[in-house]
Amino acid sequence: MPDTPLRAAPEAAPELPGTLRTDILIIGAGPAGIFCALGLIERGDARHITMVEKGLPIERRSCPKERTSQCVHCEPCRITTGFSGAGAFSDGKLSLSHEVGGDLPELIGADRVQGTISRVDQMYLSYGADPRVEGVGNTQEVAEIRRRAIKAGLKLVDCPIRHLGTERAQEIYARIEHRLEEAGVTLLFGNECSEVLVGDGCCTGAIIHPINAAPGERTCRVTAAETIVATGRRGADWFDRMCLEHGIGHHAGPCDIGVRVEVRNEVMEDVNNVLYESKLVGYPDPFRNKVRTFCQNPGGFVSQENYDGGLAVVNGHSYKERKSDNTNLAVLVSFNFREPFHEPIAYAQHVGRLCNMLGAGHILVQRFGDILDGKRTWPAELCRSNVVPTLPDSEAGDITSAMPHRAMIEIVEFMRAVDQVVPGFAADETLLYAPELKFYSNRVGMDGHFDTNVAHLHCLGDSSGWTRGLMMSSVMGLLMGEELAAR
């Protein structure tokens with residue numbers, strides 16, 4: 001048990017002692033870490049849990065941009081860090097099919113994943129999720145969309161969706177945070193992990209420090225019987241370094257580079273009403289990389305997220321009550337690198353920084369027709385468009401000057417194919433924002449019990465390279481908690 005009370009003040013990290021003892025250390029308070037703790041608690045495990053999180057409690061997370069209309073570059077970013085991770089400020093969609101959300105079925109089997117999805121879904125409902133499920137029924141309408149997709153050379157993945165909504169997701173996770181506190185979980189906000197402690201093939205805990213501490217100062221050594229890394233996409237780069245330094249088994253995973261597309265709701269109306277989110281996958285000529293749509297937000301808003309080092313990336317939100325005139329979604333190109341290259345995250349970050357450079361630190365936006373014409377977009381041209389940008393401080397410019405040629409060609413060809421499924425999608429005035437990047441850790445080697453080659457060290461969620469998104473991360477976390485409770 002810890003030697004001192006450790007709940008952080010909302011705006012500051014706690015004064016930590018030099019050493020702490022706990023039974024189970026969870027690094028990261030995103031969905032994977034949260035559901036790992038819930039899995040232990042719901043199984044009646046009496047061991048003490050300490051959770052370390054770089055950001056703030058859910059009730060103190062708010063983006064100043066709502067008031068200023070300009071990104072003020074919070075450090076750390078309040079959209080991507082804090083209790084529930086980036087999930088609390090995303091559109092909050094739970095994909096209810098094992099076919100969506102990464103490769104966890106390859107590790108533990110599709111049936112086990114699907115069964116756990118059902119249990120996790122019931123848990124979200126118990127904390128206040130909307131009982132309505134999007135994308136079910138409408139059999140004839142779905143068949144017609146699929147027919148058009150097949151004709152265009154695309155695959156339609158129709159998946160039932162439970163839409164939490166950005167504002168409702170925060171309410172749901174606030175209830176979960178309160179549940180963990182009631183159960184005695186120590187929540188260390190405002191702290192980050194600088195090192196996992198590994199020796200003789202065994203993990204014994206981690207080194208943590210307040211985010212406002214100078215390097216090497218005010219560090220705290222946390223010893224634990226079990227250590228779980230659940231740092232999400234934001235922590236992918238850090239955990240890759242840990243894998244290299246400590247011999248944690250892993251291999252290079254993919255990275256996704258692309259754009260956020262924004263069109264009028266009228267263009268997406270049929271798909272929005274029938275499926276809510278259409279997941280289309282293609283392998284366009286000439287390079288035949290996998291290209292897919294992701295994170296569709298009917299009536300949504302394009303948003304900016306900030307990562308360490310000042311990297312700004314684009315994302316999208318969708319609220320339950322607040323709606324815009326537009327729909328946005330990502331178009332992502334997957335890159336799978338081979339030897340000798342093994343730095344996919346650094347590659348994606350480099351592309352992102354080039355985009356940021358051209359936008360003077362802002363997200364770039366360009367009209368699709370201007371891309372085809374080989375010209376940049378000017379602010380005055382956006383003012384004349386039917387599609388009014390929902391990211392007001394985006395910078396009109398030329399994303400093709402920063403995006404890799406291979407990715408840009410495939411995005412254009414993919415959008416032309418989608419236009420056959422959704423007429424008007426590739427209109428001249430369709431907006432493309434960049435960079436949209438998805439950082440996945442190199443795939444961590446582990447068995448079906450989530451044990452790595454380092455004893456007592458586990459890795460969950462998007463930081464493991466096995467999952468993508470809220471639901472699958474929650475599933476992996478719940479199963480990890482139940483595995484530990486059974487030992």
Side-chain angles (χ1 to χ4, degrees), residues 148-149 151-154 256-271 278 280-297 302 313-314 316 325-335 348 351-352 354-360 362-391 394-437:
R148 297 199 300 266
K151 186 176 180 180
L154 303 175
D256 289 341
I257 297 173
V259 297
R260 173 87 24 186
V261 175
E262 188 168 42
V263 300
R264 291 276 304 189
N265 284 330
E266 292 87 345
V267 172
M268 299 293 297
E269 185 175 18
D270 288 344
V271 170
S278 59
L280 294 165
V281 181
Y283 299 83
D285 290 332
F287 304 112
R288 300 189 179 181
N289 284 70
K290 180 181 178 179
V291 187
R292 63 191 175 98
T293 62
F294 175 77
C295 188
Q296 184 169 315
N297 296 297
V302 177
V313 302
V314 66
D325 294 327
N326 298 345
T327 293
N328 68 76
L329 70 159
V331 173
L332 299 171
V333 183
S334 294
F335 286 83
V351 172
L354 285 176
C355 291
N356 290 172
M357 184 186 301
L358 291 177
H362 295 275
I363 299 298
L364 278 176
V365 61
Q366 187 174 14
R367 300 185 305 178
F368 187 66
D370 292 337
I371 292 174
L372 299 182
D373 290 342
K375 64 176 287 291
R376 67 162 290 172
T377 295
W378 296 97
E381 293 171 320
L382 289 180
C383 296
R384 300 193 294 265
S385 175
N386 284 305
V387 188
V388 178
T390 57
L391 185 62
S394 56
E395 188 69 36
D398 182 6
I399 66 177
T400 68
S401 295
M403 294 287 287
H405 172 75
R406 185 185 189 107
M408 205 67 244
I409 292 295
E410 296 199 306
I411 288 168
V412 168
E413 293 306 312
F414 180 79
M415 288 184 61
R416 284 171 165 163
V418 174
D419 194 71
Q420 299 178 48
V421 185
V422 185
F425 186 80
D428 285 351
E429 66 178 10
T430 293
L431 300 180
L432 281 68
Y433 299 82
E436 174 100 15
L437 308 172

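Shown here for I411 and G258, the closest heavy-atom pair between the two residues is CD1-CA, 4.0 Å. Between H362 and E395, the shortest heavy-atom distance links the atoms CB-CB, 4.1 Å. Nearest heavy atoms, V388 versus N326: O-ND2, 2.8 Å.
In this structure, L280 and Q296 have side chains that are not in contact, with every pair of non-hydrogen atoms separated by 4.5 Å or more. Side-chain contact between V418 and L154 is present, with at least one heavy-atom pair separated by less than 4.5 Å. Side-chain contact check for F368 versus E429: every heavy-atom pair is 4.5 Å or farther apart. Inter-residue side-chain proximity for D256 and R292 is flagged as met; some heavy-atom pair is nearer than 4.5 Å. In this structure the side chain of F425 reaches within 4.5 angstrom of the side chain of M268, judged on heavy atoms. Proximity of P435 to N356: side-chain heavy atoms (C-beta onward) are separated by under 4.5 Å at one or more points. Residues V302 and P389 have side chains not in contact (no heavy-atom distance under 4.5 Å, counting atoms from C-beta outward). E262 places none of its side-chain heavy atoms less than 4.5 Å from the side chain of L391.
Of the possible donor and acceptor atoms, one in the side chain of D419 sits under 3.5 Å from a partner among the backbone N and O of G424. Remark: the backbone N or O of K375 is not paired with any side-chain donor or acceptor of D370 at under 3.5 angstrom. Using modelled atom types, no side-chain atom of S394 and backbone atom of I363 make a donor-acceptor pair closer than 3.5 Å. A distance-only check finds a donor-acceptor pair linking the side chain of T293 to the backbone of S278 [under 3.5 Å].
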Please assess D398 against L358 for the test side chain to side chain contact (heavy atoms under 4.5 Å, CB included), listing each intermediate value before the final yes or no. CA-CA 8 Å; D398 182 6; L358 291 177; 5.8 Å; no
Evaluate the criterion side chain to side chain contact (heavy atoms under 4.5 Å, CB included) for residue pair R406 and V333; output intermediate values, then yes/no. CA-CA 9 Å; R406 185 185 189 107; V333 183; over 6 Å; no
Where do L431 and N328 land on the side chain to side chain contact (heavy atoms under 4.5 Å, CB included) test, with the steps shown first? CA-CA 9 Å; L431 300 180; N328 68 76; over 6 Å; no
Residue pair V422, V267: steps toward the side chain to side chain contact (heavy atoms under 4.5 Å, CB included) verdict: CA-CA 7 Å; V422 185; V267 172; 4.0 Å; yes
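Taking CD from Q366 and OG from S401, the interatomic distance works out to 8.0 Å, rounded to the nearest 0.5 Å. Expressed to the nearest 0.5 Å, how far CD of E436 lies from SG of C355 amounts to 11.5 Å. Remark: D428 CG to L372 CG distance equals 7.0 Å, nearest 0.5 Å. The line from CG of N289 to CZ of F414 is 12.5 Å long, rounded to the nearest 0.5 Å. Between the CD atom in E269 and the CD atom in E266 there is a gap of 7.0 Å [rounded to 0.5 Å].
Scored by the side-chain hydrogen bond (donor to acceptor under 3.5 Å, both in side chains) test, R376 finds no partners at all (sequence neighbours excluded). Under the rule for a salt bridge (charged side-chain N to carboxylate O under 4.0 Å, His left out), the partners of E413 that lie at least two apart in sequence or sit in another chain are R416.
Looking at L364, V351, L354 one by one, the single match for side chain to side chain contact (heavy atoms under 4.5 Å, CB included) with M403 turns out to be V351.
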